Enquirer: 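Sharing a structure below in structure tokens format, with a few things to ask.
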Number of protein chains: 2
Amino acid sequence: MARRRQAVTIKHVAADAGVSLQTVSRVINNEPNVRPEMKERVQASIDRLGYVPSIAAQRMSGSRSYLILALNDREKTVAEWRSRSGTDWVDQMLLGGMLTCAEHGYRMMVELVDTHNDHVERELSATIAALQPDGVILTPPHSENRLITDLLASKNIPFARIGSLEPGPGIRLTMDDDHSAVMATERLIELGHKRIGLIAGPKDYSLSGWRIDGWMRAMQAAGFNTDGLCARGDFGFDSGIAAARTLLSQKDRPTAIIASNDQMALATLDVARELDLAVPDKLSLISFDNTPIVRFTNPPLTAVDQPIAATISHAVELLINKSRKAIPADPINIQGVLVERASTAPAPKANGG
Amino acid sequence: MARRRQAVTIKHVAADAGVSLQTVSRVINNEPNVRPEMKERVQASIDRLGYVPSIAAQRMSGSRSYLILALNDREKTVAEWRSRSGTDWVDQMLLGGMLTCAEHGYRMMVELVDTHNDHVERELSATIAALQPDGVILTPPHSENRLITDLLASKNIPFARIGSLEPGPGIRLTMDDDHSAVMATERLIELGHKRIGLIAGPKDYSLSGWRIDGWMRAMQAAGFNTDGLCARGDFGFDSGIAAARTLLSQKDRPTAIIASNDQMALATLDVARELDLAVPDKLSLISFDNTPIVRFTNPPLTAVDQPIAATISHAVELLINKSRKAIPADPINIQGVLVERASTAPAPKANGG
DNA sequence: CTGAAAGCGCTAACAG
DNA sequence: CTGTTAGCGCTTTCAG
């Protein structure tokens, strides 16, 4: 294949405009110290020649790479893609991330990294050496992986930690899971439910704990007991089956359940059917995530929408600006909303179905 | 922000191994003319120092960028993401594309481009100048946009056209839509259906036509009439409603319908409910795409699975090898499979329901 | 088979 | 405010 070289370079523009390379460079980078008329002349040449700076060359000479890297857990992501589970986490990341990047002349690139791998550091170092991103977005469980955060910090690369409140370097953003759990719980209480169960997520996700906290606080504020009403899952369907069975096979079983993600809510739906518990008449169900599939289940699920796109978009903005401005020290919380569908209803009158 | 420079460069490796830069470069690129023992010594230094070549520098000096660009239609993609419609086309592209790229040390980057825009050329030129990809993957409707294919051809950038059989430059790959349509039609014929309707896709997608062809051939082979059994949609839900109504409001209405994508199948399901036509007892339904949501509809839909991941993966392989080997002149067809679920059943005995 | 020299396109640092 | 001078890290010549 013929060697492809830049068609029109800064040299051509400089020659065309009759100025030095440096002046052109200044115009490209919107730097001060260029007379308006100069700037205009250069810009005209740029437009006429259709010049676009080579990112490779810019990166080479120590400037920005205009690249934001979004790191996702390889195993989990690939498994979800393969099973076509309907999780649109990556799509929402792209929606928020790509578009916001584009507004600033940046690009977003998705990378998959194994968290549970002793090579994380080597793997990530290699990616960074090869790509030289200007910023990195860490999603759970990477957000709290010290190996990763320390590496990034030591290399002086700005990064955002989604879904983490742990102190340490990096910009912290959450989707306010605590508040979301409170919101879901309070809505159920409003509907007259007293025994509200929670299927929590795995412990290695901080947000699992925050959701428990929110649920528990709302329950206690209403004066309700929470004993035996919290079961753990791992965000997988099978774990949801087990957790739902645990909760629903009790004598004084819950009349409502909040599942920490859609897959576990789906599982709960199956268990309810198995136990002949009509949803929502006998059992109300609220899910987290609000992925596309929950509109098609039977009944469609009431769910807490996770503002993934908005959160990633915000992270990108901060990362890009960070080179210029200060780092926000406090975590940023982006709140989700509760989308009501047909899986929630007033609590059944008697509990002895 | 401090200027980040490559931590360990080819120089360090050369010094460490006691050889020239050039030799290291040869080892990195797996070039001939290096004595095995030399190669080994250099490789040892590379491993010890954890050296990874800077892609920017490689690209700069006229080598590859190790980047494959996947171009999707902006408007459609963003709309699908925003509406959270459950289409996992992009995810499947990433699944096939990213993983295969990774195997070869490449990366895949998704870009959104407006087809229906007079700036396509400028927009795309800019992207190419900035990114310098080693290959481009075009998805419909870009695959048949002459502005785009000509531009790529003129810049001498290898590219793949997914879902296009039109002659011209670029590697052509399809998911064998004709065969898929035949498969779906024959299955319905096997089930005793004689009046099988088709909701076709829009004309600006070649594959819409191929699906019509396959359906028509299968129908004719069985000796069935196709008059009034084909309605057009635009892949959108609303257009599916209209098309389904057209087909189902006839006197001698079809007992089975094949919809050219999931959204239109969903619409057909709604229309059937509206007309009190039980699926699959009164009406069988087969969909194209097999996106995650069709497992959750009521009933779950029988669907033709589109091997997106496999197709993109194949495209990537060809693109990467193209720099070395020959271009496949003939189109490559990757066949999908029919996934049977609960929306298909034997044709009803009498048609006067 | 190996090495030295000459850039790739751009920006930083320093002069004017 | 503008231009000049050095590189960035790597690969391509072209000599040994």
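Just so it is clear: chains get the letters A, B, ... in the order the sequence lines come, proteins before strands, and each one is counted from 1. Only a predicted model underlies this, so the values are computations on that prediction, with no experimental measurement involved.
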Enquirer: Only one of B:Met108, B:Met98, B:Glu317 passes side-chain contact (heavy atoms from CB on, under 4.5 Å) with B:Ile312; say which it is.
Expert: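 Per the side-chain contact (heavy atoms from CB on, under 4.5 Å) rule, the option paired with B:Ile312 is B:Met108, out of B:Met108, B:Met98, B:Glu317.
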Enquirer: Salt-bridged, A:Glu123 to A:Arg74, with N to O below 4.0 Å?
Expert: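 Counted as a salt bridge, because a side-chain N and a carboxylate O are separated by less than 4.0 Å.
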Enquirer: Over how many whole Å does the gap from B:Leu21 atom CG to D:dT12 atom P extend?
Expert: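 Going from B:Leu21 (CG) to D:dT12 (P), I get 14 Å.
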Enquirer: Given D:dT11, D:dT4, C:dG9, which nucleotide is nearest the side-chain atoms of B:Ile28?
Expert: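 Shortest atom-to-atom distance from the side chain points to D:dT11.
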Enquirer: Whole Å only: how far is the CE atom of B:Met60 from the P atom of C:dG7?
Expert: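 So the CE-P distance, B:Met60 to C:dG7, works out to 13 Å.
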Enquirer: Is the shortest side-chain N to carboxylate O distance from B:Asp134 to B:Arg64 below 4.0 Å?
Expert: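 Not counted as a salt bridge, because no side-chain N and carboxylate O are separated by less than 4.0 Å.
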Enquirer: Side chain of B:Arg26, heavy atoms from C-beta onward: which of D:dG9, C:dT2, D:dT11 has the nearest atom to it?
Expert: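 The closest nucleotide is C:dT2.
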Enquirer: Rounding to an integer number of Å, can you tell me how far A:Asn33 CG sits from C:dG16 P?
Expert: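 From A:Asn33 CG to C:dG16 P: 18 Å.
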Enquirer: Does a side-chain N or O from A:Thr9 land closer than 4.0 Å to OP1 or OP2 of C:dG9, or not?
Expert: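 The answer is no; no side-chain N or O of A:Thr9 sits under 4.0 Å from OP1 or OP2.
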Enquirer: Categorize A:Val19 for me: base, sugar-phosphate, or nothing, with a 4.0 angstrom heavy-atom threshold over every strand shown.
Expert: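 It contacts sugar-phosphate atoms only.
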Enquirer: Between atom CG in A:Asn29 and atom P in C:dA13, what is the gap in whole Å?
Expert: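 Distance check: A:Asn29 CG to C:dA13 P gives 14 Å.
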Enquirer: Need one value for A:Pro32: base, sugar-phosphate or nothing, where a base atom within 4.0 Å counts as base even if backbone is also close, heavy atoms only.
Expert: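 It contacts nothing in the nucleic acid.
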Enquirer: May I have the distance from A:Arg64 (atom CZ) to C:dC10 (atom P), rounded to whole angstrom?
Expert: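 Atom CZ in A:Arg64 sits about 15 Å away from atom P in C:dC10.
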Enquirer: Of B:Thr139, B:Asn145, B:Thr115, which is the lone residue that meets side chain to side chain donor-acceptor pair (under 3.5 Å) with B:Asp73?
Expert: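 Between B:Asp73 and the candidates, side chain to side chain donor-acceptor pair (under 3.5 Å) is satisfied uniquely by B:Thr115.
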Enquirer: Specify the separation, in whole Å, of atom CD1 of A:Ile10 and atom C1' of C:dC10.
Expert: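 From A:Ile10 CD1 to C:dC10 C1': 6 Å.
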Enquirer: C:dC8 phosphate, OP1 or OP2: any side-chain N/O from A:Lys11 under 4.0 angstrom?
Expert: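 Result: yes.
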Enquirer: Output the single nucleotide from C:dC10, D:dT2, C:dC8 whose closest atom is nearest the side chain of A:Met38.
Expert: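 The closest nucleotide is D:dT2.
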Enquirer: Write down the distance between CD (A:Glu37) and C1' (D:dC1), rounded to a whole number of angstrom.
Expert: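 Value for this atom pair: 11 Å.
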Enquirer: Which part of the nucleic acid, if any, lies within contact of B:Val34, taking any heavy atom under 4.0 Å across all strands shown: a base, the sugar-phosphate backbone alone, or nothing?
Expert: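 The residue B:Val34 makes sugar-phosphate contact but no base contact.
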Enquirer: For C:dC10 and A:Tyr51 - does any side-chain N or O of the residue sit under 4.0 Å from the phosphate oxygens OP1/OP2?
Expert: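 Yes, A:Tyr51 has a side-chain N/O under 4.0 Å of OP1/OP2 on C:dC10.
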Enquirer: With a 4.0 Å limit, can you tell me whether B:Thr23 has a side-chain N or O closer than that to the phosphate oxygens OP1/OP2 of C:dC1?
Expert: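 The answer is no; no side-chain N or O of B:Thr23 sits under 4.0 Å from OP1 or OP2.
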Enquirer: Are any of B:Gln58's side-chain N or O atoms less than 4.0 Å away from OP1 or OP2 of D:dT11?
Expert: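 For D:dT11, OP1 or OP2 has a side-chain N or O of B:Gln58 closer than 4.0 Å.
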Enquirer: Between A:Arg107 and B:Glu111, does any side-chain N to carboxylate O distance fall below 4.0 Å?
Expert: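 B:Glu111 and A:Arg107: salt-bridged.
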Enquirer: OP1, OP2 of C:dC8 versus side-chain N and O of B:Ser61: anything below 4.0 Å?
Expert: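 Checking B:Ser61 against C:dC8: no side-chain N or O falls below 4.0 Å of OP1 or OP2.
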Enquirer: Quick check on salt bridge (Lys or Arg N to Asp or Glu O under 4.0 Å): which of A:Arg41, A:Arg48, A:Lys11 does A:Asp16 satisfy it with?
Expert: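 Running salt bridge (Lys or Arg N to Asp or Glu O under 4.0 Å) over A:Arg41, A:Arg48, A:Lys11 with A:Asp16 returns exactly one hit, A:Arg48.
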Enquirer: Starting at atom CD1 of B:Ile55, determine the distance to atom C1' of D:dT11, rounded to an integer number of angstrom.
Expert: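 Going from CD1 in B:Ile55 over to C1' in D:dT11 covers 15 Å.
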Enquirer: When we call it a touch if two heavy atoms are under 4.0 Å apart, what does A:Gln22 touch: a base, just sugar-phosphate, or nothing?
Expert: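 Base, at least one base heavy atom under 4.0 Å.
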Enquirer: Nearest-nucleotide wise, let me know which of B:Val24 and A:Ala57 is further upstream toward the 5' end of DNA chain D.
Expert: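 Result of the comparison: A:Ala57.
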Enquirer: C:dG9, D:dC10, D:dC1: which one has an atom nearest the side-chain heavy atoms of A:Arg35?
Expert: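 Given the options C:dG9, D:dC10, D:dC1, the side chain of A:Arg35 is closest to D:dC1.
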